[in-house]
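Take a look at the structure below.
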Amino acid sequence: MSSLANILSQIVSDAFEAQGLPRELGAVRVSDRPDLCQFQCNGAMAAAKVAKKNPREVAAGVVDWLEVEYARAERVDHSKPAPTSCNSIFAKVEIAGPGFINLDVKKSFISNFLAENSQKENGGIESVGDGQEVVLDYGGPNIAKAMHVGHLRSSIIGDCLRRIYLTAGYRAVGDVHMGDWGTPMGMILSELDLMGHDGPVSMELLAEIYPKASGDCKADEARMALAREATRKLQDGDEAYTQRWREFIDVSIAGMKANFDALGVHFDEWKGESDAHPFIQGMVEALKQAGWAVESDGALVVPVERNDDTKEVPPLILLKSDGAVLYGTTDLATILDRVQTHHPVKIVYCVDQRQGLHFEQVFRAAEKLKGAGLVEELPELVFAGFGTMNGTDGKPFKTRAGGVMRLEDLISMGLEKARARLDEANLAAEIGPEEREDIAHKVAIAAIKFADLQNQRQSDYVFDLDRMTSFEGKTGPYLLYQAVRIQSLLKKAEDQAVNFDAAAFDVRDEDLSLALLLTELSDHFDCALKNHTPHVLCDYAYRLAQEFSSFYGRCHILSEEDVTLRASRLALCAQTHRTLVLLLGLLGIGIPARM
RNA sequence: GGUCCCGUAGCUCAACUGGAUAGAGCAACUGACUUCUAAUCAGUAGGUUGCAGGUUCAAGUCCUGCCGGGAUCGCCA
C-alpha cells in the first residue's frame, strides 16, 4: 500500500474481483513504456485464459468497472456529476495492444500522494518486521590473516542487508562469525612451538607465520600431524594453548575492526566458530540418541539425502574419523546458539556462492535438530550467496604480484584519488584539513561500496580497480554529489528566508518524471528485502539522482518566480533529498555536507 | 562423468521473475559553465540477447539439443 503502483494495484484488483477474476491479476506496475502511459496492468491477458474470453473484452470489463465505480464514488462524495471516463485518480484509462490496460494518474493525485508520504517515516516504507529478530551472518574474516578484497563482498552486502531488515522493522543482528577455530589455529600454535616463541604475538608476526605454517603442513604430513595435535589440544581446553589463542584472537580483532570501521560496516556480535564449541558435545550426543547421526567410514555423519534429489547430496560430517570437529559441525551448533540467544525468525547467510552445497547440507541437518528435540522452532534459513570476485582475465582476482590485494590498500588508493580530485575542485581553498579528510573518506568509501553493491549479488563480478575508484558516471560519488547539490540549494533557501511547506506539492509537467519516480520507493525496497538484492536499491538511487540532476538543469527552483511553483519544487527537492539519504543509508554510504 | 550457474553494445553491467520499441555507465563523437556546485547536463553512434529448434496472443526470460566459460561433487574453510 505504500507505493503509488501499490495503491493502483488495490483499485484494479477490486475491478478484477468484481469481474469474477483472481485479484492477483490486477497487479499494476510502473510502465516500461513511459511514452504510452505511466502505469500498466497486464492481467487481462492472463485472465482471458482463465475466463476463456478475448483479452480485450476482459480489459474492457475492467476499464468499465473502474469508470463506473470511481465515478459513482465521486458523485456520492462530492455531489457532482459523474465524469464520463475519468475520476479524481485517473487521467487516462485505456486498452492497448492485445489487452494492456494503460493508466495515467492526475497530477493532483501525485501531489497528494507525495504530500502524504512526505509526512511518513522512512518515505512510507512499511514496517513489516514487527520487531521479529533476524540474524545475519557476514564478514567471516579469518584470524591471523590480513583482510583482503575478497572480504569486501560479504561485509558490504551483509551489512546492507542488515540495514534493510532494520528499516523493514526487524530487529536485525549482524554477526561477524570469525574463522577462529579450525585446523588453522593448530597450525599457528604448533608453529609458535617450533619457533620456541614465548613473547607477545603481534599481527605482523601472525601474518608472517601463518602462510608458512599452512604451506609446511600442506607439504609435510608429519608437520600436519603436529597441527592436528595442537588443534585437538586447543579444542580440549588446554590452558596454555587457550591463553595464547585468546591473545592472537584479540590482536586479530583489532586489525579487523580497523578495516570494518573504515568501511562503515557494523556488527552487533563479534562471535566466531569457537563460540559454537560449548554446544557441540550435547548436540552430537542428542543427534546420536535420536538416530540422526550414524557412523560411516569411521566418521560420524548425518545423512541428508532425499528421495526427490536430482543430485547426490553427501551427508554432513559431524566428527572426522580422528574425532575432530569440522566446519559443518560448528555451523550447525552455531544455529543452536543463535536460536537459544535470539529466537530469530530467520538466519541469513551472506557467504560465497561456492559454499552452496555445504549450506544445503547444514540446512537439511538443521531440520534434525528439531527432530532430536534440541530446538522447538527452526528459523527460516536463507542462503544469500554471492558470486566470485574475478580479475579482468575472468579468473579469481589476484594482484599483478600474484597475491591478494589488502583491503586497507584498496581504501588508501581510493582516498588518494579522492584527495587529488578535491584539489582540483573549486571549493578547495575554503575547506579545512579535517573536513577535507572527511570528504575524501566519504567519497572513497561511496565509490568502493557502490561499485560492489550495484552488481547482482548472485553472479560473479569483475574486480576493476579503476572502476572502484572512479567518481564519475554511475558511481557512489555521483549520488553524493546530487545529494550535496540539494543540501546546498536548501541551505541557500534557508539563508534567503525562503520558506516552504514540505508537503505542499503542485506537480507540473516539467516536474512529473521526478515526482513519479519518487512514488516508486517502496516498490524497490520491497524487492530488495524479498530477494536480498542490494543492487535493486543502487539502481533506483542512481535513477533518482540522475532524474534529479536532469530536473535541476531543466527547471528553475529557487529562481522560479511563481511562488507556488517555487515552493512545490523546493518540496520536491526536499523529498528527493530525504529519499536519497534513506537509500544511501541503506547502502551504508555516508554523505558529506559539501564536496 | 553427474549436478548446478553463466553467455546481452568494443568493455563493465541492468531489464521489476512471460509483456509493447532490450536499457545504463565507461570508452568514442557533437554541443552547454558571467545564471541554484560542470564529480554535471543535452545529444549522436553502437544489438541477429552464443547457435538451432519448440511452447503462446507475447520469449533475453520457460522447454529440448548443441557450442563456449565457470563452480561443485564426504573427512580444508
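By convention in this document, chain letters (A, B, ...) are assigned in the order of the sequence lines, proteins followed by strands, and residues within each chain are numbered from 1.
At a threshold of 4.0 angstrom between heavy atoms, the contacts of A:D32 include nucleobase atoms, whether or not backbone atoms are also involved. The residue A:D466 sits apart from the nucleic acid: no heavy atom pair falls under 4.0 Å. Residue contacts shown for A:D331 are absent, as no nucleic acid heavy atom lies under 4.0 Å away. At a threshold of 4.0 angstrom between heavy atoms, the contacts of A:D309 with the nucleic acid are absent. Within the nucleic acid shown, A:D297 comes within 4.0 Å of at least one base atom, counting heavy atoms only. Among the protein residues, A:L319 comes within range of no part of the nucleic acid, since none of its heavy atoms lies under 4.0 Å from any strand. Residue-level contact check: A:E273 touches the backbone only, with heavy atoms under 4.0 Å from sugar-phosphate atoms and none from bases.
Whole-Å rounding puts the A:H358 NE2 to B:rA71 C1' distance at 16 Å. Per the geometry, CE belonging to A:M178 stands 17 Å off P belonging to B:rA77, to the nearest Å. B:rU61 atom P lies 18 Å from atom CG of A:N42, rounded to whole Å.
For B:rG2 and B:rU48, the C1' atoms lie 34 Å apart once the distance is rounded to whole Å. The same atom, C1', is picked in B:rG70 and in B:rG74; the two are 23 Å apart, to the nearest Å. B:rU3 and B:rA15 have their P atoms separated by 28 Å, given to the nearest Å. Comparing B:rG19 with B:rA59, their P atoms are spaced 11 Å from each other, to the whole Å.
Here the CH2-CD1 distance, from A:W245 to A:I143, works out to 8.0 Å after rounding to the nearest 0.5 Å. To the nearest 0.5 angstrom, A:S568 atom OG is 5.5 Å from A:D511 atom CG. Between A:M389 atom CE and A:D352 atom CG the span is 10.5 Å, to the nearest 0.5 Å. Rounding to the nearest 0.5 angstrom, the gap separating the CG atom in A:L583 from the OH atom in A:Y542 is 15.0 Å. Taken from CE in A:M224 to CD in A:E229, the straight-line distance is 14.0 Å, to the nearest 0.5 Å.
Classified by its glycosidic torsion, B:rU35 falls in the anti category, the angle being over 90° from 0. In textbook terms, a nucleotide whose glycosidic angle is within 90° of 0 is syn, while B:rC4, being further out, is anti.
Judged purely by distance below 3.5 Å, without hydrogens or angles, the side chains of A:S549 and A:R485 pair a donor atom with an acceptor atom.
For CG of A:D35, the number of neighbouring non-hydrogen atoms (other residues, nucleotides, ligands) closer than 6.0 Å is greater than 12. Within a 6.0 Å sphere centred on CD of A:E561, other residues, nucleotides and ligands contribute 12 heavy atoms or fewer.
Using a 4.0 Å cut-off between charged side-chain N and carboxylate O, A:R364 and A:E360 make a salt bridge. Using a 4.0 Å cut-off between a side-chain N of Lys or Arg and a carboxylate O of Asp or Glu, A:D216 and A:K212 qualify as a salt bridge.
Put simply, A:K530 has no side-chain N or O that comes within less than 4.0 Å of OP1 or OP2 on B:rC16.
Consecutive Watson-Crick or G-U pairs involving RNA chain B, each under 3.5 Å on both distances, make up stems of three or more pairs at B:1-7 with B:67-73, B:10-13 with B:23-26, B:28-32 with B:40-44, B:50-54 with B:62-66.
Remark: A:F525 pairs with no residue by the ring-ring contact (aromatic ring centres under 6.0 Å, His included) rule, at least two apart or across chains. Residues satisfying the side-chain hydrogen bond (donor to acceptor under 3.5 Å, both in side chains) test with A:D539, not counting sequence neighbours, are A:K474.
The aromatic ring centroids of A:Y210 and A:F248 lie 6.0 Å or more from each other.
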Contact pattern, 5' to 3', of nucleotides 3-15 of chain B - B, S or - by protein heavy atom under 4.0 Å: S--------SSSS
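Between the side chain of A:K368 and the backbone N or O of A:W292 there is no donor-acceptor pair closer than 3.5 Å. Side chain of A:R29 to main chain of A:N42: no donor-acceptor pair is present (N/O by atom type, distance under 3.5 Å, no hydrogens or angles).
Contacts between residues 299-307 of chain A and RNA chain B, defined by a heavy-atom separation under 4.0 Å, are made by A:A299, A:V301.
Checking B:rC57, B:rU21, B:rC75 against every side-chain atom of A:S321, the shortest atom distance belongs to B:rC75.
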Could you write out each protein N or O paired with an N or O of nucleotides 36-42 of chain B at a distance under 3.5 Å?
unit_1, atom_1, unit_2, atom_2, d
B:rC36, O3', A:K492, NZ, 3.4
B:rC36, O2, A:L558, N, 3.0
B:rC36, N3, A:I557, N, 3.4
B:rC36, N4, A:Y552, O, 2.8
B:rC36, N4, A:C555, O, 2.3
B:rU37, OP1, A:S488, OG, 3.2
B:rU37, O5', A:Y552, OH, 3.3
B:rU37, O2', A:Y481, OH, 2.3
B:rU37, O2', A:R485, NE, 3.1
B:rU37, N3, A:M595, O, 2.9
B:rU37, O4, A:M595, N, 3.3
B:rA38, OP2, A:R485, NH2, 2.8
B:rA39, OP1, A:Y481, OH, 3.1
B:rA39, OP2, A:R421, NH2, 2.7
B:rA39, O4', A:R421, NH2, 3.1
B:rU40, OP1, A:G473, N, 3.2
B:rU40, O3', A:S549, OG, 3.1
B:rU40, O2', A:R485, NH1, 3.3
B:rU40, O2', A:R485, NH2, 3.4
B:rU40, O2', A:S549, OG, 2.9
B:rC41, OP1, A:Y478, OH, 2.6
B:rA42, OP1, A:S550, OG, 3.2

